[in-house]
Amino acid sequence: MNRTLSRRAWLSVCLLPAAITAGCNAVGWQAGELCKACQRPVHKNSRTVALLDGKQAVFCCPACARSEHLQSTKSVQIVELTDFNTGKPLATAGAYVVRNSDVNPCTEHTHAPGPDKRPMQTTFDRCSPGELAFAGKSDAEAFARQHGGQVIDFATLAR
Ligand SMILES: [Zn+2]
Ligand SMILES: [Zn+2]
């Protein structure tokens with residue numbers, strides 16, 4: 001993949017009104033960090049840290065980290081989330097997740113055609129439906145009122 005081209009494609013996606021609604025202005029990428037599983041740049045407001053067979057690894061979002069568990073025999077334990085509203089690290093205990101809202105930082109950028117004009121991703125996307133973490137139930141519910149999706153407490157999700 002041509003990195004310069006694809007980065008320009010991401011930037012242009014950020015200029016679309018829908019992406020601005022999703023918070024492109026306020027929300028950035030964690031510089032230099034790539035998801036352990038899908039190699040996407042890690043979005044700083046959905047950064048997820050998990051233990052993968054006992055070793056700490058950074059994932060782009062909770063959905064991607066949990067997908068790693070479903071697709072392999074490796075044990076994956078999410079140990080740290082990021083509060084989508086503040087971009088601050090968030091403990092899993094007491095966290096809430098909004099699943100399948102209309103905001104998904106991971107997939108926003110993958111629908112852009114690659115240099116060969118074909119979509120860069122197949123129809124399966126491990127980050128979809130998206131999962132975003134929030135510090136409290138009321139934050140999660142407020143977000144879901146605006147963007148749809150189900151509010152699930154993290155302990156239930158991780159089970
Ligand atoms: Zn990922
Ligand atoms: Zn993801």
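All residue numbers in this chain count up from 1 along the given sequence. When a ligand or atom number is given, it counts from 1 through the structure's own listing order.
Distances from the Zn ion (ligand 2) under 2.8 Å pick out these protein N/O/S atoms: Cys60 SG, Cys61 SG, Cys106 SG, Cys127 SG.
With sequence neighbours excluded, the residues forming a ring pair (Phe, Tyr, Trp, His ring centres under 6.0 Å) with Phe143 are Phe84, Phe134, His147, listed by chain and number.
A donor-acceptor pair is defined here as one N or O able to donate and one able to accept, closer than 3.5 Å; no such pair exists between the side chain of Asp153 and the backbone of Tyr96.
For the atom pair OG1 of Thr107 and CZ of Arg40, the computed distance is 7.0 Å after rounding to the nearest 0.5 Å.
A salt bridge links Glu68 to Arg126: at least one charged side-chain nitrogen sits closer than 4.0 Å to a carboxylate oxygen. Salt-bridge formation is detected for the pair Glu131/Arg66: a Lys NZ or Arg NE/NH1/NH2 atom is positioned less than 4.0 Å from an Asp or Glu carboxylate oxygen.
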Report task. Start with the C-alpha gap between Leu90 and Thr82, add the side-chain angles, then the distance that decides, and say whether side-chain contact (heavy atoms from CB on, under 4.5 Å) holds. Result -> CA-CA 5 Å; Leu90 178 66; Thr82 298; 5.6 Å; no
